[in-house]
Amino acid sequence: FGKDQYDELRRLARAVETRAPRGGDRILILPGIMGSKLGYPRPVLDDIVWLDPVDIVVGRLAELELTPTEKSAIQPVGVILLAYLSLKFRLRLEGYDADFVPFDWRLSIRDLGKQLAKIINADERPTQIVAHSMGGLLARARLTSVGPQLRRIVMLGTPNAGSYAPVQA
């Protein structure tokens, strides 16, 4: 993280730890494309493939390939904390019940949107979404499939009109 960011996250974590939850709205934080960690869930410590620099160096990225005939055993197992942990801490300090919704960014927006709608509809509490980049596309994809508990979507850098960035990359 670097010393300054580490100190800030440490300060925020301690502040969150000392505050009792205030029962605020549920906020789901959706990361951007490739912002979810993918790997093999394990009982104690998940086997992360994306984004584990050591696994990338030894050639494990090939395990992320999706084939049309078989279902991948790789699943979303969290988010890239460097990008999203501060946001979660700050929302919790404001009294919201904030949590991450990692997703398998290799799948289609339509399928991921259906999964998101199930998560939203499984809880009757008022829900808000803070979505970064591709996460905003998922939220938008299923707006008509969620109940009245979805109150607001905040999109940060969502390519609603498309993007040339993936082609350029």
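When every heavy atom of I80 is checked against every heavy atom of M34, the shortest pair comes out as CG1-O, 3.9 Å. Residue I129 comes nearest to A139 through the heavy atom pair CD1-CB, 4.1 Å, listed as atom of the first residue, atom of the second, then distance. Annotation for G136 and A131: closest pair N-CB, 3.3 Å, computed over non-hydrogen atoms.
Listed by chain and number, the residues in a side chain to side chain donor-acceptor pair (under 3.5 Å) with S133 amount to none (sequence neighbours excluded). Here K88 pairs with D99 under the side chain to side chain donor-acceptor pair (under 3.5 Å) rule; sequence neighbours left out.
Side-chain polar atoms of Y96 and Q128 form no donor-acceptor pair below 3.5 angstrom.
Contact annotation: the side chain of L66 approaches that of L107 to within less than 4.5 Å [non-hydrogen atoms, C-beta and beyond]. Looking at heavy atoms from C-beta onward, L85 lies out of side-chain contact with V79 at the 4.5 angstrom threshold. No side-chain heavy atom of L9 sits less than 4.5 Å from a side-chain heavy atom of L81. With a 4.5 Å cut-off on side-chain heavy atoms, E63 and D55 do not count as touching. By the 4.5 Å heavy-atom criterion applied to side chains, N121 and Q149 are counted as neighbours.
Of the inter-residue distances, the one linking L64 atom CG with W105 atom CH2 reads 5.5 Å to the nearest 0.5 angstrom. Considering CG of L91 and OH of Y84, their distance stands at 13.5 Å, rounded to 0.5 Å. Atom CG of L112 sits about 9.5 Å away from atom CG of L30, to the nearest 0.5 Å. Rounding to the nearest 0.5 angstrom, the gap separating the CG atom in L137 from the CE atom in M155 is 7.5 Å. Here the CD-CG distance, from Q115 to L138, works out to 9.0 Å after rounding to the nearest 0.5 Å. The distance from atom CD1 of I27 to atom CZ of R152, rounded to the nearest 0.5 Å, is 8.5 Å.
The hydrophobic cluster containing L38 also contains I33, counting ILVMFWY residues as joined when their side-chain heavy atoms lie under 4.5 angstrom apart, directly or transitively. Taking hydrophobic clusters as Ile, Leu, Val, Met, Phe, Trp and Tyr residues chained together by side-chain heavy-atom distances below 4.5 Å, F100 shares a cluster with L156. Note on I109: it clusters hydrophobically with V101, by side-chain heavy-atom contacts below 4.5 Å among ILVMFWY residues.
When each of I120, I153, D97 is tested with L28 by the rule side chain to side chain contact (heavy atoms under 4.5 Å, CB included), just one qualifies, namely I120.
Environment of CZ in R125: crowded, with over 12 heavy atoms of neighbouring residues, nucleotides or ligands closer than 6.0 Å. Within 6.0 Å of the CZ atom in R42, the count of heavy atoms belonging to other residues, nucleotides or ligands exceeds 12.
The closest donor-acceptor contact from the side chain of S36 to the backbone of P102 lies at 3.5 Å or more, if one exists at all. Between the R92 side chain and the A98 main chain, a donor and an acceptor come within less than 3.5 Å of each other.
Sorted by first and then second residue, the side chain to side chain donor-acceptor pair (under 3.5 Å) pairs involving residues 44-53 (not counting sequence neighbours) are D47-R60.
Here R11 pairs with E8 in a salt bridge; the nearest charged N to carboxylate O distance falls below 4.0 Å.
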